[in-house]
Amino acid sequence: MKILIADAGATKTDWVMLSDGGASSGWTEERYTGLGVSPLHHDTDMIEEELRLVRASLGESFEKIRFFGAGIGTPVIAGKMEAILSEMFSCPDIKADSDMAAAAGALLGDSAGIACIMGTGSNTCHYNGSAIDRKSASLGYLLDDEGGGVAYSRRLLSDVFKGLAPRDIVEEFEKRYSLSVSDVVNHLYRQPSPNRWIAGFMPFIVEFSGHPYIKSLIRSQTKWFFDREFASYSEKELRDEGIGFVGTVADVLRYDVEEEMKNRGWKLKAIVRQPLDSLVNQFKRSLKD
């Protein structure tokens, strides 16, 4: 048996092929990391081009495909992704679901709580131990995503070009990227995936996180995200059930997330960089049972 599992974000997609070698050798894994794939943000041609690379690396025939991705918020979008996958792979059992479903399952298992994604974008949901029963509205990077890399980086970009950042940060930024205002406008309004481009400045923020200005930016943005994103959840859910975080931003800003949770008296379940390993292990256990 061969199973293909994907965890797709706005920036990258991690793919794992599980192969059952029988009782003697058990499950083996092969992995491939490619571009972010979203049926909401990318056209079919782009997705198919990326899936051809997956086929070349991992094969094209599977018994099951499970695709968890950003932007899969409705049955219609899920159906669109399933249709594309069925065109590109030979597989009788294909299901697409949201990245929130992957995060909740990986972080919370069979316990109730709140799952939070902090990657290129951000979102939260309440999980009852077996399924998502309430989800925060996800409005995209123009109106939302305060806890994603796009929001932290957007503040940095704005401060640099408006002259609000300290001179040493501006000089270092200019030395690294050599961007003009017209370059920024071109990336934002004329190039594909502007959210991915904006979030690409997170490594700069992380590298200079000890600088007083960057430290203040991170703390204020994290507080703003917590104030807004968790306002709809009850104190019981926040203090007793707790919150689990998944995503690159949650991982690299782990200290600030932990401090914010501590300051509010909320229960921290876990911080996981990516949910794929947990999902893979869950699939192995379920198939063994």
Side-chain angles (χ1 to χ4, degrees), residues 9-11 70 73 98-108 111-128 132-159 164 195 198-199 201-206 208-275:
T11 302
S98 68
D99 54 348
M100 282 294 346
L107 288 166
L108 303 171
S111 64
I114 299 164
C116 176
I117 293 174
M118 294 177 70
T120 299
S122 62
N123 200 11
T124 60
C125 73
H126 184 266
Y127 184 74
N128 62 17
I132 294 172
D133 57 18
R134 192 165 76 257
K135 185 178 177 181
S136 176
S138 181
L139 301 174
Y141 75 98
L142 290 178
L143 297 177
D144 204 348
D145 287 341
E146 285 96 343
V150 65
Y152 290 89
S153 299
R154 182 172 56 214
R155 287 190 60 181
L156 172 68
L157 279 167
S158 178
D159 284 1
L164 299 176
N195 59 328
I198 298 170
F201 295 98
M202 270 305 297
F204 183 92
I205 291 174
V206 173
F208 292 96
S209 59
H211 190 286
Y213 159 75
I214 298 292
K215 186 180 295 185
S216 175
L217 183 155
I218 291 172
R219 286 179 177 173
S220 62
Q221 183 62 40
T222 304
K223 183 179 184 301
W224 172 243
F225 171 60
F226 271 63
D227 286 345
R228 290 175 58 80
E229 189 62 31
F230 299 109
S232 63
Y233 297 100
S234 70
E235 280 298 306
K236 180 181 183 302
E237 291 167 339
L238 296 166
R239 291 179 181 273
D240 298 339
E241 294 180 0
I243 310 171
F245 297 83
V246 68
T248 302
V249 172
D251 185 52
V252 298
L253 301 185
R254 176 182 296 264
Y255 172 80
D256 299 276
V257 171
E258 291 174 345
E259 281 296 297
E260 196 64 36
M261 291 290 291
K262 181 179 178 182
N263 291 339
R264 293 168 187 260
W266 297 348
K267 181 180 179 181
L268 177 62
K269 301 281 282 189
I271 299 176
V272 176
R273 189 177 185 90
Q274 59 183 24

Approximate separation, where rounding is to 0.5 Å, of [X] [atom1] and [Y] [atom2]:
X: Met261; Y: Asn263; atom1: CE; atom2: CG; answer: 11.0 Å
X: Ile214; Y: Leu156; atom1: CD1; atom2: CG; answer: 5.5 Å
X: Cys116; Y: Phe225; atom1: SG; atom2: CZ; answer: 3.5 Å
X: Ile132; Y: Leu108; atom1: CD1; atom2: CG; answer: 9.5 Å
X: Ser209; Y: Lys215; atom1: OG; atom2: NZ; answer: 8.0 Å
X: Leu253; Y: Thr222; atom1: CG; atom2: OG1; answer: 6.0 Å

>> If the threshold is 4.0 Å, N to carboxylate O, is there a salt bridge linking Arg264 and Asp227?
In response: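 Yes, charged N to carboxylate O under 4.0 Å.
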
>> Any carboxylate oxygen within less than 4.0 angstrom of a Lys/Arg side-chain nitrogen, looking at Lys262 and Glu258?
In response: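 Salt bridge absent between Lys262 and Glu258.
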
> Step by step, would you call Ile205 with Ser153 a side-chain contact (heavy atoms from CB on, under 4.5 Å)?
Replying inline: CA-CA 8 Å; Ile205 291 174; Ser153 299; 4.1 Å; yes

>> Checking Lys267 now: which residues fulfil salt bridge (Lys or Arg N to Asp or Glu O under 4.0 Å) with it, not counting sequence neighbours?
In response: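 Lys267 satisfies salt bridge (Lys or Arg N to Asp or Glu O under 4.0 Å) with no residue once adjacent residues are dropped.
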
> What residues form a salt bridge (Lys or Arg N to Asp or Glu O under 4.0 Å) with Arg219, not counting sequence neighbours?
Replying inline: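 Checked Arg219 against salt bridge (Lys or Arg N to Asp or Glu O under 4.0 Å); zero matches.
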
Between [X] and [Y], what is the shortest heavy-atom contact and its length?
X: Ala104; Y: Tyr127; answer: CB-CD1, 3.5 Å
X: Val246; Y: Arg273; answer: CG2-O, 4.1 Å
X: Leu107; Y: Ala115; answer: CD1-CB, 4.1 Å

>> Side chains of Thr124 and Glu229: any donor to acceptor distance under 3.5 Å?
In response: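 Yes, Thr124 and Glu229 have a side-chain donor paired with an acceptor closer than 3.5 Å.
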
> Do we see a donor-acceptor contact under 3.5 Å between the side chains of Ser220 and Arg155?
Replying inline: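 Checked: Ser220/Arg155 side chains pair up, N/O donor to acceptor below 3.5 Å.
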
>> Determine whether Asp159 and Tyr213 satisfy the following criterion, side-chain contact (heavy atoms from CB on, under 4.5 Å), listing intermediate values before the conclusion.
In response: CA-CA 10 Å; Asp159 284 1; Tyr213 159 75; 2.8 Å; yes

> Has Lys135 got more than 12 heavy atoms of other residues, nucleotides or ligands less than 6.0 Å from its NZ?
Replying inline: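 Yes, enclosed.
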
> Tyr152 pairs by side chain to side chain contact (heavy atoms under 4.5 Å, CB included) with which of Ile198, Val206, Leu217?
Replying inline: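 When side chain to side chain contact (heavy atoms under 4.5 Å, CB included) is applied between Tyr152 and each of Ile198, Val206, Leu217, only Leu217 qualifies.
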
> How far apart are the C-alpha atoms of Phe230 and Glu237, what are their side-chain angles, what is the distance that settles it, and do they pass the side-chain contact (heavy atoms from CB on, under 4.5 Å) test?
Replying inline: CA-CA 10 Å; Phe230 299 109; Glu237 291 167 339; over 6 Å; no

> When you measure from the side chain of Arg228 to the backbone N and O of Glu146, does any donor-acceptor pair fall under 3.5 Å?
Replying inline: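 No, because the side chain of Arg228 does not come within donor-acceptor range (under 3.5 Å) of the backbone of Glu146.
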
>> Taking Ser122's backbone N and O only, do any of them form a donor-acceptor pair with Asp145's side chain (distance below 3.5 Å, no angle check)?
In response: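 Indeed, once roles are kept as given, a pair shorter than 3.5 Å links the two residues.
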
>> Quick check: do Thr248 and Met202 have side-chain heavy atoms less than 4.5 Å from each other?
In response: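 With C-beta onward as the side chain, the pair stays apart.
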
